[in-house]
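Shown next, in structure tokens, is the structure this report addresses.
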Protein chains: 2
Amino acid sequence: MKHMHKQENLSKNQQIVLDYIEKVNEPIKAYSILHNVQKKGIKAPLQVYRALDKLVEIGKIHKIESRNAFVACKNSSCQLSKATAFSICESCEEVSEISDNKLSKYLKSFQDKAGMKFKKYNLEFFGLCKKCSIK
Amino acid sequence: MKHMHKQENLSKNQQIVLDYIEKVNEPIKAYSILHNVQKKGIKAPLQVYRALDKLVEIGKIHKIESRNAFVACKNSSCQLSKATAFSICESCEEVSEISDNKLSKYLKSFQDKAGMKFKKYNLEFFGLCKKCSIK
DNA sequence: GTGTTAATTGTTATAATATAACATTGTGTA
DNA sequence: TACACAATGTTATATTATAACAATTAACAC
Ligand SMILES: [Zn+2]
Ligand SMILES: [Zn+2]
Ligand SMILES: [Zn+2]
Ligand SMILES: [Zn+2]
């Protein structure tokens with residue numbers, strides 16, 4: 001067990017940012033996070049972006065690429081798999097993480113024609129949520 | 001033929017931007033497009049972004065969300081379907097559009113548990129292309 | 001303890017991406 | 001002609017993200 005420099009626990013800033021993202025429980029943007037954690041001592045965008053990078057890397061949060069927003073993971077397996085899927089309502093912007101074994105199994109085993117080796121994927125579905133469909 | 005305000009042809013700026021994107025034949029960023037079409041008379045970012053919006057809307061190009069880049073469509077059916085999938089090499093950044101009937105059929109018919117009505121999706125796979133795997 | 005390494009933080013400045021607002025011009029059709 | 005709508009031109013600004021560098025902290029080996 002030599003040079004095992006892999007941290008078990010989150011650092012101070014990482015924990016502050018994660019706590020806030022988990023509290024709001026919906027996709028949130030980096031600068032909005034910044035404004036809301038300034039009372040905790042985080043002053044600069046880079047402090048937020050660095051925490052976000054780490055949290056994404058370890059699977060605690062995900063980036064909704066089409067929205068430039070970040071959301072807490074609801075799916076324990078993401079910390080390992082890096083396989084993410086979301087449904088996004090184009091009307092109310094509600095986002096939910098899809099957890100579907102069949103879907104993830106299918107996509108993890110997908111082979112493209114060019115013989116590429118996939119390590120991860122991100123899938124975003126767009127449409128209307130139930131509430132917005134009725135209106 | 002009444003009130004048929006749906007244009008058949010691209011406008012001048014839209015055509016300039018599309019021509020350039022098709023010529024480079026790889027994902028390219030908005031400001032890079034701007035620099036390269038200034039000789040054609042396009043001077044401001046907004047002129048590029050407006051053309052890009054339209055071209056994405058009609059399926060002539062796609063946005064690679066994780067890269068903030070735009071690429072010409074290689075798949076005639078995208079003008080209708082809005083169902084896109086890409087493979088992205090994390091080493092050389094090569095991007096190719098996946099055209100796989102089984103995959104698109106599977107995803108188009110996917111139903112999430114919340115009963116959302118999907119109109120489109122975007123899927124991005126990440127990994128190493130054949131060339132970069134060898135190295 | 002000391003020394004070593006990597007991770008994290010703090011800070012200022014700047015780069016890169018994208019949109020707001022408003023006036024004007026072009027295009028198809030009644 | 002007049003109308004509706006799409007597209008353009010222009011300036012300014014908003015939003016998202018990173019570069020560069022110095023300082024501090026945490027984990028481990030010896
Ligand atoms: Zn997750
Ligand atoms: Zn909705
Ligand atoms: Zn396409
Ligand atoms: Zn490659």
Side-chain angles (χ1 to χ4, degrees), chain A residues 1-21 27-58 60-71 90 93 95 122 124, chain B residues 1-21 27-58 60-71 90 93 95 122 124:
Chain A
M1 220 199 265
K2 293 175 99 176
H3 273 285
M4 268 289 292
H5 280 200
K6 194 164 181 187
Q7 97 270 15
E8 308 287 298
N9 304 308
L10 297 176
S11 73
K12 189 188 67 170
N13 287 358
Q14 289 159 14
Q15 192 65 57
I16 290 169
V17 170
L18 179 59
D19 285 346
Y20 182 67
I21 295 175
I28 186 162
K29 292 175 169 245
Y31 276 74
S32 173
I33 294 168
L34 175 60
H35 293 137
N36 283 285
V37 297
Q38 284 185 326
K39 45 186 171 297
K40 302 274 185 184
I42 291 181
K43 291 173 192 165
L46 198 45
Q47 295 175 293
V48 172
Y49 278 104
R50 285 199 282 224
L52 290 172
D53 281 351
K54 187 69 181 188
L55 293 168
V56 167
E57 187 192 320
I58 63 178
K60 290 280 191 186
I61 65 171
H62 304 303
K63 184 174 186 183
I64 311 298
E65 293 284 359
S66 65
R67 300 297 188 261
N68 298 316
F70 301 84
V71 68
E90 290 182 302
E93 292 294 322
V95 170
N122 180 54
E124 297 181 3
Chain B
M1 226 197 259
K2 295 171 99 175
H3 270 284
M4 270 289 292
H5 279 199
K6 193 165 178 185
Q7 98 268 19
E8 308 287 298
N9 304 308
L10 297 176
S11 75
K12 189 187 67 169
N13 287 0
Q14 289 159 13
Q15 192 66 56
I16 290 169
V17 170
L18 178 59
D19 286 348
Y20 182 67
I21 295 175
I28 186 163
K29 290 171 172 253
Y31 276 74
S32 173
I33 294 168
L34 175 59
H35 293 138
N36 283 284
V37 297
Q38 284 185 328
K39 45 186 171 296
K40 301 274 184 185
I42 291 180
K43 290 173 192 164
L46 198 44
Q47 294 175 293
V48 172
Y49 279 104
R50 285 198 282 224
L52 290 172
D53 281 351
K54 186 70 181 186
L55 293 168
V56 166
E57 187 192 320
I58 64 178
K60 290 280 191 187
I61 66 172
H62 304 302
K63 184 174 187 184
I64 311 298
E65 293 285 357
S66 65
R67 300 298 186 261
N68 298 317
F70 300 85
V71 68
E90 290 182 302
E93 291 295 322
V95 170
N122 180 53
E124 298 182 2

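Chain A is the first sequence line, chain B the second, and so forth, proteins listed ahead of strands; every chain is numbered from 1.
- Residues meeting the side-chain hydrogen bond (donor to acceptor under 3.5 Å, both in side chains) test with A:D53, sequence neighbours left out: none.
- Among residues two or more places apart in sequence or in another chain, the salt bridge (charged side-chain N to carboxylate O under 4.0 Å, His left out) test is passed with B:R50 by none.
- Remark: B:E93 engages B:R67 in a salt bridge (charged side-chain N to carboxylate O under 4.0 Å, His left out) (not counting sequence neighbours).
- Using a 4.0 Å cut-off, no side-chain N or O of A:Q47 falls inside it from OP1 or OP2 of C:dT9.
- Not a single side-chain hydrogen bond (donor to acceptor under 3.5 Å, both in side chains) links B:Y49 to another residue, sequence neighbours left out.
- Between C:dT8 and A:K54, a contact under 4.0 Å exists linking OP1 or OP2 to a side-chain N or O.
- Summary for the helix from C:dG1-D:dC30 to C:dA30-D:dT1: the axes at its two ends, each from 5 pairs, differ by 40° when rounded to the nearest 10 degrees.
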What side-chain donor-acceptor pairs closer than 3.5 Å can you find for residues 40-47 of chain A, not counting sequence neighbours?
| from | atom 1 | to | atom 2 | distance (Å) |
| --- | --- | --- | --- | --- |
| A:Q47 | OE1 | A:K43 | N | 2.8 |
| A:Q47 | OE1 | A:A44 | N | 2.9 |

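- Taking 4.0 angstrom as the limit, A:K43 places none of its side-chain polar atoms (N or O) nearer than this to OP1 or OP2 of C:dG10.
- Looking at the side chain of B:N13, the nearest of the listed nucleotides C:dT9, D:dT16, D:dG9 is D:dG9.
- Listed by chain and residue number, A:L18, A:L55, A:I58, A:Q79 satisfy the side chain to side chain contact (heavy atoms under 4.5 Å, CB included) test with A:K60 (two or more places apart in sequence, or in another chain).
- Between C:dG26 and B:S11, no contact under 4.0 Å exists linking OP1 or OP2 to a side-chain N or O.
- Listed pair A:K12 / C:dT9 fails the phosphate criterion, with no side-chain N or O lying under 4.0 Å from OP1 or OP2.
- Between the A:E124 side chain and the A:E65 main chain, a donor and an acceptor come within less than 3.5 Å of each other.
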- prompt: Going 5' to 3' along nucleotides 18-25 of chain C, which nucleotides have protein heavy atoms under 4.0 Å from the base (write B), which only from the sugar-phosphate (write S), and which from neither (write -)?
  reply: BBBB----
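- Nearest-nucleotide positions on DNA chain D for A:S32 and B:A44 put B:A44 closer to the 5' end.
- Legend: residues meeting side-chain hydrogen bond (donor to acceptor under 3.5 Å, both in side chains) with A:E90, ordered by chain and number and at least two apart, are B:K120.
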